[in-house]
Amino acid sequence: MLMLCTTSPDQSWVSPSSSYQYINPNPLKPCFIFFRPNSRTSLFGAKFRVPATTLAGTTHRKNADKNVKIIELCELGNLKEAVEMVCGSESSDLDSAAYCSVLELCAGNKSLKYGKRVHSVLCEHGVNVDGYVGAKLVFMYVHCGDLREARRVFDALSNRKVFLWNLMINEYAKVRDFREGVCLFGKMVECGVELNSYTFSCVLKYFAALGCVREGEWVHGFLYKLRFGSDSTVVNSLMAFYFKNGRVESARKVFDALRERDVVSWNSMISAYVSNGAAEKGVEIFREMVWSGIDVDLATIINVLMACSDCGNVVLGRVVHGYAMKGGFDVDVMLCNSVLDMYSKCCDLSDAVRIFEKMG
């Protein structure tokens, strides 16, 4: 700092920490007063140094701006530029939100190439992925179709939430690797992970596909022990497991014990009886459904039409067809095929031809 003042001394030194003092009431000539340089600051050129707290604040703002920029690029769908910014950043520049945003966009675009680049940056920067970033990595690899790498990342995580276990189990079902899915479920139980309704739905599909009746019955008892017996999603999966293995009466017992039955539960019972050669019982279930005040949907109508076809009940078939037309379901191709099949099998060829011509 430089000050011009009028005092009697030709040159005076004043400490920055001291207050300005009046030296001479009789001004004589102009002179300069300098603050004496100290160990922390200097007045001239390259010797001037900014306090460390100011530098830290500036760096923090730059890093925050970079994170915000990457997140904005991801929101705009600009994956390439976002990945380039991540790859060009230092290890201390980015936070987990930026990494997660890029990985999520990679998953959405199914871009395995960019996802692997971000993963390599995470490894180079030594970022701890045992948390939300790790979950996003698994999510990215799963959606990009690299289940093997997803499993490798998953196994390296120590803090695996239930949704990650369910994600992996469900993916093994998609590729029909049921045995590996069952093995993963066993590890899940051993690790003491708290199971949920989605877990049971997935594993029951496995046992149904593998024909493992004994193991499925064990899951049945286990889920009731954990008080999932009133969960309609779990019970519907349990019923489907028994249907798949031809255990219709076991499924009926599960259905009867269910207090709150949704439309899926009713449809499952009707479909199960029809597919197991008991169409008349499927019709009975439909009547109970109507009397219970449950609103039917397209799946209900198609299942009942199949039941009418198998047992030759053209009267009920016409009623259901009329209901479908009134509800606007008759534009569905699958429904039209079911109606055509019902009239044909019930030997009502005139109506069958009429439906066929209408479809054309």
Side-chain angles (χ1 to χ4, degrees), residues 138 141-142 145-152 154-155 157 160-279 281-282 285 299 303 306:
V138 175
Y141 278 119
V142 163
D146 194 342
L147 186 55
R148 179 176 296 180
E149 188 63 22
R151 180 60 184 272
R152 191 184 69 81
F154 174 82
D155 288 340
L157 300 177
R160 293 170 288 193
K161 302 297 183 181
V162 63
F163 74 89
L164 270 184
W165 288 92
N166 290 342
L167 175 65
M168 293 300 298
I169 290 174
N170 186 55
E171 286 305 309
Y172 280 119
K174 289 182 179 178
V175 299
R176 303 190 65 80
D177 191 351
F178 302 119
R179 296 193 181 279
E180 187 60 33
V182 170
C183 180
L184 196 60
F185 171 72
K187 291 182 180 179
M188 187 178 184
V189 175
E190 289 176 4
C191 292
V193 180
E194 186 175 351
L195 311 179
N196 59 21
S197 58
Y198 192 82
T199 312
F200 284 115
S201 296
C202 288
V203 77
L204 284 168
K205 290 178 183 176
Y206 284 139
F207 290 134
L210 294 170
C212 300
V213 178
R214 190 173 182 180
E215 289 80 357
E217 289 176 338
W218 176 85
V219 173
H220 183 178
F222 189 47
L223 66 89
Y224 270 87
K225 182 180 179 180
L226 297 180
R227 301 188 178 184
F228 281 94
S230 59
D231 190 303
S232 59
T233 303
V234 176
V235 173
N236 289 339
S237 298
L238 184 61
M239 289 164 56
F241 159 75
Y242 281 123
F243 295 149
K244 186 76 174 179
N245 290 281
R247 305 282 292 274
V248 180
E249 292 308 314
S250 296
R252 182 60 189 266
K253 289 179 181 178
V254 173
F255 175 79
D256 291 340
L258 184 61
R259 295 180 180 179
E260 297 182 4
R261 304 166 188 165
D262 57 13
V263 65
V264 178
S265 305
W266 290 95
N267 289 346
S268 297
M269 281 305 305
I270 297 171
S271 176
Y273 277 126
V274 173
S275 60
N276 284 274
K281 289 188 176 181
I285 293 293
N303 287 327
M306 291 172 62

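All values below were derived from every heavy atom in this structure, side-chain atoms included, with hydrogens, water molecules and symmetry-related copies excluded.
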* If you round to the nearest 0.5 Å, how far is CE of M269 from CG of N303? -> 11.5 Å
* To do: Dump the intermediate steps for side-chain contact (heavy atoms from CB on, under 4.5 Å) on L184 and R179, then the final yes or no.
  => CA-CA 9 Å; L184 196 60; R179 296 193 181 279; over 6 Å; no
* Neighbour count >12 (heavy atoms, 6.0 Å) for atom CE, M188 -> yes
* Asked: So which heavy atom on A208 is nearest to which on K244, and how close?
  -> O-CG, 3.5 Å
* **Distance flag, aromatic centroids of F241 and H220, threshold under 6.0 Å** => no
* Audit row: T199, V193, side-chain contact (heavy atoms from CB on, under 4.5 Å) steps and yes/no -> CA-CA 11 Å; T199 312; V193 180; over 6 Å; no
* Structure fact -> Given the options W218, F178, F207, C212 meets side chain to side chain contact (heavy atoms under 4.5 Å, CB included) only with F207
* Asked: Are the side chain of D262 and the backbone of V264 linked by a donor-acceptor contact shorter than 3.5 Å?
  -> yes
* To do: I would like to know whether E217 and R247 meet salt bridge (Lys or Arg N to Asp or Glu O under 4.0 Å); could you show each step before the answer?
  => CA-CA 11 Å; E217 289 176 338; R247 305 282 292 274; 2.8 Å; yes
* Asked: Between the main-chain N or O of A173 and the side-chain N or O of R176, is there a donor-acceptor pair closer than 3.5 Å?
  -> no
* To do: State whether a side-chain donor-acceptor pair under 3.5 Å links N236 with T233.
  => no
* **Heavy-atom check, side chain of V274 versus side chain of M306, under 4.5 Å** => yes
* **Electrostatic pair R152-E149, nearest N-O below 4.0 angstrom** => yes
* Taking the side chain as C-beta and beyond, is there a heavy-atom pair between S265 and F255 under 4.5 Å? -> yes
* To do: Before accepting this row, confirm whether a basic side-chain N of the pair E171/R151 lies closer than 4.0 Å to the acidic partner's carboxylate O.
  => no
* Asked: Only one of F185, F154, Y198, Y172 clears ring pair (Phe, Tyr, Trp, His ring centres under 6.0 Å) with W165; which?
  -> F154
* Does the side chain of Y242 come under 3.5 Å of the side chain of R252 through a donor N or O and an acceptor N or O? -> no
* Return yes if some donor-acceptor pair links the side-chain N/O of S275 with the main-chain N/O of A272 below 3.5 Å, else return no. => yes
* State whether the side chain of D146 and the backbone N or O of V142 hold a donor-acceptor pair below 3.5 Å, judged by distance alone. => no
* Structure fact -> Heavy-atom closest pair (F243 atom, S268 atom, distance to 0.1 Å) is CE1-O, 3.2 Å
* To do: Measure from the side-chain N and O atoms of S271 to the backbone N and O of N267, and report whether any donor-acceptor pair falls under 3.5 Å.
  => no
* Is M168 close to L147 at the side-chain level, that is, under 4.5 Å between some pair of heavy atoms? -> yes
* Minimal non-hydrogen separation, S230 against L258, with atom names -> O-CD1, 4.2 Å
* Which distance, rounded to the nearest 0.5 Å, do you find between the NZ of K205 and the CG of L210? -> 14.0 Å
* I would like to know whether V254 and Y224 meet side-chain contact (heavy atoms from CB on, under 4.5 Å); could you show each step before the answer? => CA-CA 11 Å; V254 173; Y224 270 87; 4.3 Å; yes
* Check: L195 and F222 side chains under 4.5 Å, non-hydrogen atoms -> yes
* Is the closest side-chain heavy-atom distance between E194 and L226 below 4.5 Å? -> no
